[in-house]
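To keep things clear, I will list the structure first and then write my remarks on it.
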Number of protein chains: 2
Amino acid sequence: MATVSKEDYLSVIFKNLDDKNEVKANVIAEKLSISNAAVTDMLKKLSNEDLVIYEKYKSIKLTENGFLYAKNMVRRHRIWEMFLHQVVGIPWDKVHEEAEKLEHSSSDYLINKIEEMLNFPEFDPHGDPIPAKDLKLPKQKKSVKLSLMKINQKGRVVRVNDFDNEFLSYISKIGIELNAKLKVKEIREFDKSMHILVGNKDWNISQKIADNIFIEIIDKGNL
Amino acid sequence: MATVSKEDYLSVIFKNLDDKNEVKANVIAEKLSISNAAVTDMLKKLSNEDLVIYEKYKSIKLTENGFLYAKNMVRRHRIWEMFLHQVVGIPWDKVHEEAEKLEHSSSDYLINKIEEMLNFPEFDPHGDPIPAKDLKLPKQKKSVKLSLMKINQKGRVVRVNDFDNEFLSYISKIGIELNAKLKVKEIREFDKSMHILVGNKDWNISQKIADNIFIEIIDKGNL
DNA sequence: CTTTTAATTTAAGCTTACTTAAATTAAAAA
DNA sequence: TTTTTAATTTAAGTAAGCTTAAATTAAAAG
């Protein structure tokens with residue numbers, strides 16, 4: 001049986017898979033703010049339900065079923081985010097935590113209806129791809145971290161990490177939103193902080209900020 | 001702490017208060033499909049949290065806090081129903097069970113936003129009043145059960161009970177919706193079934209159906 | 001007023017999802 | 001290769017929200 005708790009485990013596992021498609025139990029415990037012992041417990045249950053591959057002392061993998069379940073959770077989450085942002089008008093930095101609750105309480109029927117109403121969006125308000133009904137992901141535009149851009153390069157915001165509300169709220173305040181154009185004006189080597197132009201305003205941003213904004217470089221056109 | 005389970009208890013208690021503003025533990029158990037022993041257990045907890053007034057072997061009352069909490073649950077439920085029906089286009093007979101899940105997973109902030117977006121509706125898709133932010137109920141139009149109408153009386157549907165999906169789905173199919181006009185053409189005494197005119201079509205409905213539809217009688221005008 | 005019936009409570013036990021503390025294992029460092 | 005460290009598991013225990021069965025109480029019927 002799928003409970004809120006199990007759904008959270010599957011989501012966390014999915015989002016933290018490494019290059020070998022594995023996660024350490026360790027990581028799951030941290031992300032969910034629970035003890036390692038609790039994770040061991042639950043992994044045995046998820047394994048019995050054919051959702052994860054679990055062997056003592058080894059890293060965790062998802063089964064085929066587990067992958068499908070987790071992707072569907074991502075789908076629910078991102079469709080809710082899109083809906084809350086576009087239709088209800090909830091600001092960028094608040095949609096994540098509302099969607100976090102709603103994703104456990106909505107039938108596939110409802111999600112499909114909402115998706116239809118939104119005209120089958122491909123990306124959520126943070127630029128993350130929304131899995132389709134068949135759980136396939138749309139292609140994403142090539143992008144680089146803002147922190148890796150060079151002086152005088154221009155680009156368009158295509159994705160931001162939604163790891164922290166304060167971060168989202170801050171970048172939103174300085175005019176950084178999806179598709180916003182910006183230009184790198186200075187980079188200070190000693191702390192890698194940047195001076196950027198967003199619209200017609202100048203801002204200083206730390207490396208940590210720039211690490212979480214993804215840009216599609218544009219060569220032509222003015223800012 | 002407010003859990004899904006506690007919220008369900010409070011909702012059921014609120015919806016089943018008698019003329020003395022009391023409910024028997026018995027009734028709660030039936031409505032929630034759980035044992036009486038479980039109800040006793042939970043009532044003690046709710047009492048400790050100052051949500052219900054509980055004394056051994058006596059009927060249950062809500063405290064001031066309990067009333068507020070329960071009314072807010074009703075508010076959440078009905079705003080979700082309205083939203084799902086009007087904005088997402090979910091049919092009449094399906095909104096109830098979706099709202100039943102969503103009502104536990106939405107912040108007051110979100111509910112207020114949705115309410116604003118809907119332009120502060122007073123009644124949900126079944127004609128039930130939606131408590132405002134201050135939890136006050138809008139005034140309802142005077143209405144009578146369809147089953148109590150006389151031959152040749154005309155009226156307008158102002159509310160239906162949403163106790164059963166099949167019922168809602170059926171009456172929707174025969175053209176009965178909020179504000180629909182109808183006229184009683186015949187009443188068969190032996191089973192109290194009725195012959196009614198809805199729009200320009202005739203239908204036979206059982207007493208059980210007619211018991212769950214509420215009508216505002218209209219004297220003038222044609223059908 | 002006493003008996004019967006129905007509602008309620010108590011008691012013991014279960015499952016889920018957690019906790020802490022101790023034991024074990026695997027991986028990294030010496 | 002041995003030792004140390006870090007990750008993981010086991011064991012024992014807890015709280016929430018249920019269950020069934022037995023005991024108690026209140027209300028209804030005689």
Side-chain angles (χ1 to χ4, degrees), chain A residues 1-14 16-62 66 69-70 73 100-101 103-105, chain B residues 1-14 16-62 66 69-70 73 100-101 103-105:
Chain A
M1 246 292 293
T3 65
V4 169
S5 190
K6 283 177 186 169
E7 289 186 346
D8 281 335
Y9 274 84
L10 290 172
S11 287
V12 163
I13 293 170
F14 180 71
N16 291 280
L17 293 174
D18 62 15
D19 47 346
K20 285 184 198 153
N21 268 352
E22 296 179 344
V23 209
K24 294 204 169 194
N26 199 10
V27 174
I28 303 172
E30 260 176 40
K31 299 278 174 182
L32 291 173
S33 304
I34 55 175
S35 69
N36 287 336
V39 173
T40 303
D41 243 40
M42 182 61 97
L43 287 174
K44 287 178 185 169
K45 290 178 198 164
L46 291 172
S47 175
N48 284 334
E49 297 179 43
D50 190 36
L51 291 164
V52 305
I53 297 167
Y54 167 72
E55 290 176 272
K56 270 193 194 178
Y57 298 104
K58 289 196 179 166
S59 285
I60 316 308
K61 294 181 187 184
L62 287 169
Y69 206 120
M73 292 306 300
E100 199 81 353
K101 288 175 278 176
E103 65 183 354
H104 301 293
S105 321
Chain B
M1 248 290 292
T3 64
V4 169
S5 190
K6 282 177 186 170
E7 290 186 346
D8 281 336
Y9 274 84
L10 289 172
S11 287
V12 163
I13 292 170
F14 180 71
N16 291 281
L17 293 174
D18 62 16
D19 46 348
K20 285 184 198 155
N21 267 352
E22 297 178 344
V23 208
K24 294 203 168 195
N26 199 10
V27 174
I28 303 171
E30 259 175 41
K31 298 279 175 182
L32 291 173
S33 303
I34 54 176
S35 69
N36 287 335
V39 173
T40 303
D41 243 41
M42 182 60 96
L43 287 174
K44 288 177 185 170
K45 290 177 197 163
L46 290 172
S47 175
N48 284 334
E49 297 180 41
D50 190 37
L51 291 165
V52 305
I53 297 167
Y54 167 73
E55 290 175 273
K56 270 192 192 178
Y57 297 104
K58 288 195 179 169
S59 285
I60 316 308
K61 295 180 187 184
L62 288 169
Y69 206 121
M73 292 307 300
E100 198 81 356
K101 288 175 279 176
E103 65 182 355
H104 300 294
S105 321

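Just so it is clear: chains get the letters A, B, ... in the order the sequence lines come, proteins before strands, and each one is counted from 1.
- Within 4.0 Å of A:Asn36, counting heavy atoms only, lies at least one base atom of the nucleic acid.
- Along DNA chain D, the nucleotide nearest to A:Glu55 and the one nearest to B:Val4 differ in position, and the one closer to the 5' end is contacted by A:Glu55.
- For the pair A:Ser47 (side chain) and A:Leu43 (backbone), a donor-acceptor distance under 3.5 Å is absent.
- In terms of phosphate contacts, A:Ser35 brings no side-chain nitrogen or oxygen within less than 4.0 Å of OP1 or OP2 of C:dC18.
- Note on A:Ser5: only backbone sugar-phosphate atoms sit closer than 4.0 angstrom, heavy atoms only; bases stay farther off.
- The distance between atom CG of A:Leu10 and atom P of C:dA17, rounded to the nearest whole Å, is 12 Å.
- Between B:Leu10 and B:Val52 there is a side-chain heavy-atom pair separated by less than 4.5 Å.
- Contact annotation for A:Lys44: backbone-only contact, meaning every heavy-atom pair under 4.0 Å involves sugar-phosphate atoms and none involves a base.
- Of the inter-residue distances, the one linking A:Ile28 atom CD1 with A:Met42 atom CE reads 10.5 Å to the nearest 0.5 angstrom.
- Distance, B:Asn48 CG to D:dA15 P: 14 Å, rounded to whole Å.
- For the pair A:Tyr54 OH and D:dT8 P, the interatomic distance rounds to 10 Å; values are reported in whole Å.
- Separating the CG atom in B:Asn16 from the NZ atom in B:Lys31 is a distance of 5.0 Å, to the nearest 0.5 Å.
- Closest to the side chain of A:Lys6, out of D:dT8, C:dA17, D:dT19, is C:dA17.
- Ranking D:dA7, D:dG17, D:dT10 by closeness to the A:Lys56 side chain, first place goes to D:dT10.
- Note: CD1 (A:Ile34) to C1' (D:dA15) measures 16 Å, nearest angstrom.
- Side-chain contact between B:Val4 and B:Asp8: present, with at least one pair of heavy atoms (C-beta onward) separated by less than 4.5 Å.
- Distance from the side chain of B:Tyr57 is smallest to D:dA26 among C:dT10, C:dT25, D:dA26.
- Set against D:dA21, D:dG17, C:dT16, the side chain of A:Lys45 has C:dT16 as its closest nucleotide.
- Going from atom CD1 of A:Ile28 over to atom P of D:dT8 covers 9 Å, rounded to whole Å.
- Between B:Thr3 and D:dA16 there is no side-chain N or O to OP1 or OP2 distance below 4.0 Å.
- Straight-line distance from the CG atom of B:Asp41 to the C1' atom of D:dA15: 12 Å, rounded to whole Å.
- Rounding to whole angstrom units, CD of residue B:Glu22 and P of C:dA7 are separated by 16 Å.
- B:Ala25 comes within 4.0 angstrom of sugar-phosphate atoms only, judged by non-hydrogen atoms across all strands, and of no base.
- Across all strands, A:Thr40 comes closer than 4.0 Å to base atoms (heavy-atom distances).
- OP1 or OP2 of C:dC18 lies within a sub-4.0 Å distance of a side-chain N or O belonging to A:Tyr9.
- Distance A:Met42 CE to C:dT15 C1': 12 Å, rounded to the nearest Å.
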